[in-house]
Amino acid sequence: MAKTQLGVRVDPEVKKLAQARAKDRGLDLGDYIARLVRDDAEGLRQRGLDAARRFLDEHQQLFDEAEDDDVRAPGAHAA
């Protein structure tokens with residue numbers, strides 16, 4: 001498939017982060033951005049966020065209990 005050049009303006013920090021994430025995935029920056037757009041358009045990102053929310057909703061009590069145990073542990077409080 002032929003590619004079209006696209007120009008965008010982003011903060012330098014965003015560019016650096018995007019380049020690093022693309023490299024982590026073995027993609028060039030253009031392919032990484034294209035994948036993000038496709039995933040978003042196909043709803044993958046939202047489905048992942050929804051799944052994470054369901055997980056937290058179902059297991060929040062366990063996280064709260066673990067946090068409470070940490071607070072009650074010796075040495076956990078400042079003098």
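What's counted below: heavy atoms across the whole structure, side chains too, no hydrogens, waters or symmetry copies. Computed from a predicted structure; not experimentally measured.
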Side chains of residues 45-62: which donor-acceptor pairs under 3.5 Å do they make with residues two or more places apart or in other chains?
{"unit_1": "Gln46", "atom_1": "NE2", "unit_2": "Asp50", "atom_2": "OD1", "d": "2.7"}
{"unit_1": "Arg47", "atom_1": "NH1", "unit_2": "Glu42", "atom_2": "O", "d": "3.1"}
{"unit_1": "Arg53", "atom_1": "NH1", "unit_2": "Asp57", "atom_2": "OD1", "d": "3.4"}
{"unit_1": "Gln60", "atom_1": "NE2", "unit_2": "Asp64", "atom_2": "OD1", "d": "3.0"}
{"unit_1": "Gln61", "atom_1": "NE2", "unit_2": "Glu65", "atom_2": "OE2", "d": "3.0"}

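- The minimum heavy-atom distance linking Leu29 with Ala18 is given by the pair CD1-CB, 3.7 Å.
- Here the CZ atom belonging to Arg21 is positioned 9.5 Å from the CG atom belonging to Leu36, to the nearest 0.5 angstrom.
- We find the OH-CZ distance between Tyr32 and Arg25 to be 5.0 Å, quoted to the nearest 0.5 Å.
- Rounding to the nearest 0.5 Å gives a distance of 8.0 Å between CG of Asp31 and CZ of Arg35.
- Side chain of Asp28 to backbone of Gly30: a donor-acceptor contact under 3.5 angstrom is found.
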